[in-house]
2 protein chains.
Amino acid sequence: MNVHLSSYLCTSKHKMSEVQKSELKRKALVDATISLVNNNGFHATPISKIAKIASVSPATIYLYFENKQDLVNKIYLQVKEEFTSYSFANYSEETPVEQSFKEIWNRIAQFKMGRMDKAIFLAQCDNTPVIDESSRQEGIKHLQPLLDVWNRGKEDQLIKPLSDYLLYAYTINPLSFLIVMQQQGSFKIEAQHLEEAYQAAWNSIKL
Amino acid sequence: MNVHLSSYLCTSKHKMSEVQKSELKRKALVDATISLVNNNGFHATPISKIAKIASVSPATIYLYFENKQDLVNKIYLQVKEEFTSYSFANYSEETPVEQSFKEIWNRIAQFKMGRMDKAIFLAQCDNTPVIDESSRQEGIKHLQPLLDVWNRGKEDQLIKPLSDYLLYAYTINPLSFLIVMQQQGSFKIEAQHLEEAYQAAWNSIKL
DNA sequence: CGAGGATAAATGAACGTTCATTCTTTTTTA
DNA sequence: TAAAAAAGAATGAACGTTCATTTATCCTCG
């Protein structure tokens with residue numbers, strides 16, 4: 001039977017930490033998957049290895065996910081959701097465009113620097129055919145606040161009237177590239193670089 | 001025995017197209033690999049399928065490449081070399097910095113648009129752990145002329161004194177992102193977009 | 001409150017398939 | 001006719017997934 005269902009029904013008293021035992025196990029699976037996929041790629045990562053690193057039997061994974069594809073789809077959507085809810089946590093439609101963009105950009109940078117493994121995992125899923133098309137579509141929706149800021153910026157003639165894909169390519173995507181380079185050991189991102197990066201991003205789209 | 005060796009030794013008369021038969025076969029293997037890896041990912045692409053699409057026996061692949069890893073390493077380096085020699089074909093150290101950068105940028109864009117499958121293949125290899133570290137290092141060397149232009153630009157105070165990784169992230173990498181989006185069917189790159197993209201690139205790094 | 005039977009969760013071993021690679025034979029080339 | 005190239009079938013290992021069984025949890029009743 002599905003693991004999550006019982007978590008809701010379980011109303012026992014003498015179980016405090018145990019109520020979340022399945023959540024801990026799930027987290028271990030997520031972390032193991034992210035780390036292995038980042039280092040070996042999805043199809044070079046066997047279920048058996050994910051299980052071993054998460055200290056779980058391979059069969060247990062199938063209590064949490066339908067199959068290997070479902071595993072990566074679900075983890076992708078979960079991490080994407082973590083990423084965007086962190087990035088837009090302080091978002092308000094009242095904030096002026098330039099300031100709002102800067103705040104979002106900084107939180108995106110903070111997330112990518114602080115949760116580097118998750119950022120790299122997202123980059124790999126976004127750029128290669130490992131996740132389902134429907135999961136990819138689903139993931140894009142979460143970016144709406146950023147698109148809203150850009151639209152306000154275009155209306156107010158503060159931001160060039162460019163396609164959202166171009167705006168993304170020149171302001172957000174460079175961060176993914178830098179993170180990947182850092183993981184590959186080619187480059188070390190310092191605080192100074194982040195300031196320069198923000199200036200480059202803003203210069204590329206400001207009117 | 002190795003296939004290439006005999007190509008050099010073969011001096012027969014009544015073989016015109018046949019001299020390059022092995023080259024044709026190799027090209028078929030390269031094309032099949034690029035297409036399949038782009039659509040399925042490297043580890044989800046069986047040797048047997050590459051062989052079928054290239055109209056060749058699986059065993060024949062092992063006459064051209066040592067193993068599957070060697071296959072992707074060699075193809076990566078070959079395509080990277082095609083990419084850079086196209087991009088720097090008209091390069092001259094005499095050309096002024098801004099013009100030189102623009103010319104290189106345009107040829108890079110031309111290559112990526114005209115050989116989209118190869119551009120996507122490179123992007124996938126550059127961003128995921130499919131190729132060997134040594135091949136990756138080898139591939140980076142080919143970008144030297146671009147780094148030279150940037151260095152001249154920094155000396156002449158035409159370009160911000162940024163790390164080459166930042167300059168790459170903001171001027172070249174966005175093109176890779178846009179190409180991947182186009183392949184995924186989310187975005188269609190028009191001539192207009194390329195002009196806008198160049199302006200964004202230059203604005204992000206110019207002093 | 002505490003034991004024990006029922007139910008759910010977790011496991012390791014097993015299954016069937018697929019894959020990379022090799023071996024033997026056939027075909028092509030010189 | 002000899003030597004290289006190509007082929008298809010064979011091999012052994014690895015994988016995703018399932019199954020039968022064990023272990024942990026829960027609820028009821030003494």
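Per chain, numbering begins at 1; letters A, B, ... match sequence-line order. These numbers come from a predicted model, not from an experiment.
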When all nucleic acid strands are considered with a 4.0 Å heavy-atom cut-off, which category describes A:K49: base, sugar-phosphate, or nothing?
nothing
May I have the step-by-step check of salt bridge (Lys or Arg N to Asp or Glu O under 4.0 Å) for B:R136 and B:E133, ending in yes or no?
CA-CA 5 Å; B:R136 198 191 301 283; B:E133 188 52 33; 3.6 Å; yes
For a quick test of reading the model: is some side-chain N or O of A:Y64 closer than 4.0 Å to OP1 or OP2 of C:dA10?
yes
Please determine whether a side-chain nitrogen or oxygen atom of A:K25 lies at a distance below 4.0 Å from atom OP1 or OP2 of C:dA10.
yes
To the nearest angstrom, how far is [X] atom [atom1] from [N] atom [atom2]?
X	N	atom1	atom2	value
A:K68	D:dC15	NZ	P	9 Å
A:I50	D:dC15	CD1	P	11 Å
B:Q69	C:dC19	CD	C1'	15 Å
A:I47	C:dT11	CD1	C1'	15 Å
A:R26	C:dA9	CZ	P	15 Å

Candidate nucleotides [options], ranked by approach to the side chain of [X] - the nearest:
X	options	answer
B:V56	C:dT22, D:dG16, D:dA7	D:dA7
B:S57	D:dG8, C:dT22, D:dT17	D:dG8
B:T60	D:dA7, C:dG12, D:dC15	D:dA7
A:L63	C:dT21, C:dA10, C:dG12	C:dA10

So, A:H142 versus A:F83, ring centres under 6.0 angstrom or not?
no
On DNA chain D, check which nucleotide each of A:A59 and A:F42 is closest to and give me the residue with the more 5' one.
A:F42
